Amino acid sequence: MFEFRVIAQCPVTGARAGEFVTPHGVIRTPVFMPVGTLATVKAMSPRELEEINAQIILGNTYHLYLRPGPEILTKAGGLHSFMKWDKPILTDSGGFQVFSLARLQKITDENVLCRSHIDGSLLTMSPEWSMNMQGILGSDIAMCFDQCCEFPASHDKAEEAVKRTTLWAERSRKYFDSHNDSQRQALFGIVQGSTYDDLRRRSAEEICGLDFPGYAVGGLSVGESHSAMYHALDILNDIMPKNKPRYLMGVGYPPNIVEGIARGIDMFDCVMPTRNGRNATVFTSSGRLNMRGKIHADDFSPLDPECDCYTCRNFSRSYLRHLAMCGEILGARLFTWHNLRFTIRIAEQAREAIIAGTFPEFVKNFTEMFHEDQNSNS
RNA sequence: GGCGGAAUGGCCGAGUGGUCAAUGGCAACAGACUGUAAAUCUGUCGACGGGAGUCUACCAUGGUUCGAACCCAUGUUCCGCCA
């Protein structure tokens, strides 16, 4: 279980195609994983997720701990059966909430004291708490409890996060080894280090030294430039073991995915396809479109003529804009549907190209086609 | 026919003598969103001008006043109640 096989590699870039074996099926990489924080990929049913070829989805420890809570999830027999999703699930540890809910908490080496964003009640998060909860959730892949730091961060702050992330990885590992079922669940380590080369190296060495079945890159896509992100990935590509899956956390902007794959990343997750979909922005092979724009009012062409999704096969931009302008639920659903399929397909196409030996051309074509937004950091 | 009430920017609706080009909300237009406190948030929203600013505006006309969306008169339209 949890064997990772690299089945093809790009001779020019760091890209590779692989297979990762989990209790709920084999994941073909590179892969994009839709985010389903609250035991639902917002606006999509499990059947629809299967239809767009989602191989694995995310759930969130913090959110599911608050609602519905560990008792109900235990009674439900875990997250898979609770939400009727029988393919792989990866659970985030709650570490990211230590970052995104920063104002509501106090962090020490021992633990994180946090106020619920729902009712303000106090809770204590720790590596042990997270491993216990992820055990209850029964995800195929559990994540270490880490500390993601904001951008920009001073070297001292970033170093503190690196130290703490290593400390917490050791504690996550220790608790996991004695409480969780390692045949049913794999624990991935997370590398931090912000945009500091020395800290990235140090964190990667420390975390990879703990010998996890997979490794994640955290602390990116938090406001740094794209070039800084790519630089960090270049450094890590040389350090992280080639024979384990590598997961770039929180990245979903299409060019970032392609560039990430080129730097040896196998797995991605991001709220961008779902959130932007609900907010009526879509990604197409030629770039990003705000579908509330008046320019689409009488455009009866599909969102993306090259896309094979339900939305693109059936509906016009004019109709979709109409749904968006009226705030109709169906609009949010159809945009989400398209964005997820579009993003998943990028990974699929990259995989095909890697196997076919044409990955560099794929990157070139994609970059030429996809119009980068002016404000997106270069 | 009589009595009472009301008319404000695309719409709804505050404002009842100077600090009003006029609060809010909606609509519209533009933008943002990267391990989800997000079906959310931000900006613009009379005209002209880069800006300082200028002009046209609160049903119409006339008046009072240094000054009127706001007070007075008349008219128009609408809404109640009574015949």
Side-chain angles (χ1 to χ4, degrees), chain A residues 32-44 56-64 66-67 90-105 114-120 130 134 139 141-149 151 165 188 190-192 216-226 229 247-257 259-260 265 267-283 288-297 321 323-336 339 343 373-377:
Chain A
F32 177 79
M33 311 182 283
V35 175
T37 303
L38 279 160
T40 167
V41 175
K42 294 185 194 297
M44 297 289 284
I56 168 173
I57 63 174
L58 263 68
N60 188 283
T61 300
Y62 166 81
H63 293 270
L64 293 168
L66 293 179
R67 291 187 303 200
L90 181 151
T91 42
D92 190 22
S93 63
F96 189 72
Q97 279 61 48
V98 174
F99 160 76
S100 66
L101 303 174
R103 273 174 300 180
L104 301 174
Q105 60 208 354
C114 175
R115 292 213 168 268
S116 156
H117 72 278
I118 297 165
D119 64 5
S130 179
Q134 292 188 75
S139 52
I141 300 171
M143 299 304 298
C144 281
F145 191 69
D146 67 326
Q147 185 182 349
C148 177
C149 73
F151 180 86
T165 293
F188 277 25
I190 303 176
V191 173
Q192 290 290 338
V217 179
L220 291 178
S221 62
V222 289
E224 80 286 0
S225 68
H226 289 171
M229 178 195 292
Y247 162 28
L248 177 54
M249 307 185 81
V251 166
Y253 180 60
N256 292 167
I257 292 178
E259 295 296 331
I265 299 297
M267 306 162 68
F268 302 84
D269 81 285
C270 193
V271 304
M272 193 175 263
T274 44
R275 180 184 289 166
N276 280 28
R278 272 175 281 125
N279 295 331
T281 294
V282 297
F283 296 98
R288 170 154 49 179
L289 291 178
N290 179 350
M291 286 308 296
R292 279 193 283 248
K294 193 186 176 87
I295 190 171
H296 305 112
R321 171 181 130 95
L323 293 180
M325 295 309 283
C326 296
E328 283 292 335
I329 286 178
L330 182 61
R333 273 173 47 65
L334 293 175
F335 290 135
T336 300
N339 278 345
T343 310
D373 307 273
Q374 293 171 341
N375 62 337
S376 70
N377 317 331

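In what follows, chains are A, B, ... by sequence order, proteins preceding strands, each numbered from 1. Quick caveat: nothing in here was measured; it's all calculated off a predicted structure.
- In this entry B/A73 has B/U61 as its Watson-Crick or G-U wobble partner, both defining distances falling under 3.5 Å.
- Tested against A/P34, the residues A/T274, A/I57, A/I56, A/L58 include a single side chain to side chain contact (heavy atoms under 4.5 Å, CB included) partner, A/I57.
- The base of B/U36 sits within donor-acceptor range of the side chain of A/T274, with an N or O pair under 3.5 Å.
- Residue A/I118 is classed as having no contact, given no heavy-atom separation below 4.0 Å to the nucleic acid.
- Among the protein residues, A/S116 comes within range of no part of the nucleic acid, since none of its heavy atoms lies under 4.0 Å from any strand.
- With B/A39, B/U34, B/U36 as the choices, the nucleotide that has an atom nearest any side-chain atom of A/I329 turns out to be B/A39.
- In this structure, the NZ atom of A/K42 is 14 Å from the C1' atom of B/G35, given to the nearest Å.
- Residue A/N279 places its side chain closer to B/A32 than to any other of B/A32, B/A37, B/U34.
- A/D269 places a side-chain N or O within donor-acceptor distance of the main-chain N or O of A/G250, the cut-off being under 3.5 Å.
- Annotation: the span from A/L248 atom CG to A/S221 atom OG amounts to 6.5 Å, rounded to 0.5 Å.
- If you check B/C55 for Watson-Crick or wobble pairing at under 3.5 angstrom, you find it paired to B/G46.
- For B/U19, there is no paired nucleotide, since no Watson-Crick or G-U wobble pair has both relevant distances below 3.5 Å.
- On the P atoms, B/A39 is 46 Å away from B/A57, given to the nearest whole Å.
- Checking B/A27 for Watson-Crick or G-U wobble geometry (two distances, each under 3.5 Å) identifies no partner in any strand.
- On the P atoms, B/C58 is 12 Å away from B/A68, given to the nearest whole Å.
- Phosphate contact (OP1/OP2 of B/U36, side-chain N/O of A/T37, threshold under 4.0 Å): present.
- Closest to the A/N290 side chain, of the nucleotides B/U34, B/U36, B/G31, is B/G31.
- A donor-acceptor pair under 3.5 Å is formed between the side chain of A/N60 and the backbone N or O of A/Y62.
- Residue A/Q97 is in sugar-phosphate contact alone, with no base atom involved, counting any heavy-atom pair closer than 4.0 Å across all strands shown.
- Side-chain atoms of A/R275 and base atoms of B/A38 include a donor and an acceptor less than 3.5 Å apart.
- A donor-acceptor distance shorter than 3.5 angstrom exists from the side chain of A/Q105 to the backbone of A/V98, with no hydrogens or angles considered.
- Atom pair A/I190:CD1 and B/G35:C1' shows a separation of 8 Å (rounding to whole Å applied).
- In this structure, A/F335 atom CZ and B/U40 atom C1' are separated by 16 Å, rounded to whole Å.
- A close approach under 4.0 Å does occur between a side-chain nitrogen or oxygen of A/N60 and OP1 or OP2 of B/U36.
- Atom CZ of A/F96 is separated from atom C1' of B/A37 by 12 Å (rounded to the nearest Å).
- In this structure, A/L58 reaches the sugar-phosphate backbone alone: every heavy-atom distance under 4.0 Å involves primed, P, OP1 or OP2 atoms, never a base.
- Note that CZ of A/R275 and CG of A/N339 are 13.0 Å apart. Values are rounded to the nearest 0.5 Å.
- Between the C1' atoms of B/A21 and B/C55, the separation comes to 11 Å (whole Å).
- Between B/A37 and B/A22, the two C1' atoms lie 37 Å apart (nearest whole Å).
- When heavy atoms are screened at a 4.0 angstrom cut-off, A/N276 is found touching base atoms of the nucleic acid.
- Between B/U76 and B/U61, the distance separating the two C1' atoms is 11 Å to the nearest Å.
- One donor-acceptor pair, N or O on each side, does fall under 3.5 Å between the base of B/G35 and the side chain of A/D146.
- Residue A/R288 contributes atom CZ, which lies 5 Å from atom P of B/A32 at whole-angstrom precision.
- When all heavy atoms of A/P273 and A/T343 are compared, the pair lying nearest together is CG-OG1, 3.6 Å.
- A/T91 places no side-chain N or O within donor-acceptor distance of the main-chain N or O of A/A142, the cut-off being under 3.5 Å.
- When rounded to the nearest whole Å, the span between CZ of A/F99 and P of B/U36 equals 11 Å.
- In terms of heavy-atom proximity, A/M33 sits nearest to A/M267 at SD-CE, 3.7 Å.
- Comparing B/U56 with B/U44, their P atoms are spaced 26 Å from each other, to the whole Å.
- Atom CZ of A/F283 and atom C1' of B/A32 are 11 Å apart (whole Å).
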Extract from the structure each pairing of a protein N or O with an N or O of nucleotides 25-29 of chain B at less than 3.5 Å, listing the distance.
{"from": "B/C29", "atom 1": "OP1", "to": "A/R321", "atom 2": "NH2", "distance (Å)": "3.2"}

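- With hydrogens and angles ignored, no donor-acceptor pair closer than 3.5 Å exists between the side chain of A/H117 and the base of B/U36.
- Applying the side-chain hydrogen bond (donor to acceptor under 3.5 Å, both in side chains) rule to A/S93 yields no partners; only residues at least two apart in sequence or on another chain are considered.
- Separation of the C1' atoms belonging to B/U16 and B/C71 is 9 Å when rounded to the nearest angstrom.
- Both A/R278 and A/V251 sit near RNA chain B, but only A/V251 has its closest nucleotide nearer the 5' end.
- Comparing B/C33, B/G35, B/A37 against the side chain of A/T281 picks out B/C33 as the nearest.
- Remark: B/A39 base-pairs with no nucleotide in the shown strands. Criterion, Watson-Crick or G-U wobble with two distances under 3.5 Å.
- Between A/F283 and A/Y253, the ring planes lie perpendicular to each other; the angle is over 60°, past the 30° to 60° tilted range.
- For the pair A/N256 CG and B/G35 P, the computed distance is 11 Å after rounding to whole Å.
- Nucleotides B/C59 and B/C41 have their P atoms positioned 34 Å apart, rounded to a whole Å.
- Checking B/U36, B/A37, B/U34 against the side-chain heavy atoms of A/L101 singles out B/A37 as nearest.
- Comparing A/S221 and A/G327 by the nucleotide of RNA chain B whose heavy atom lies nearest to each, the residue mapping closer to the 5' end is A/S221.
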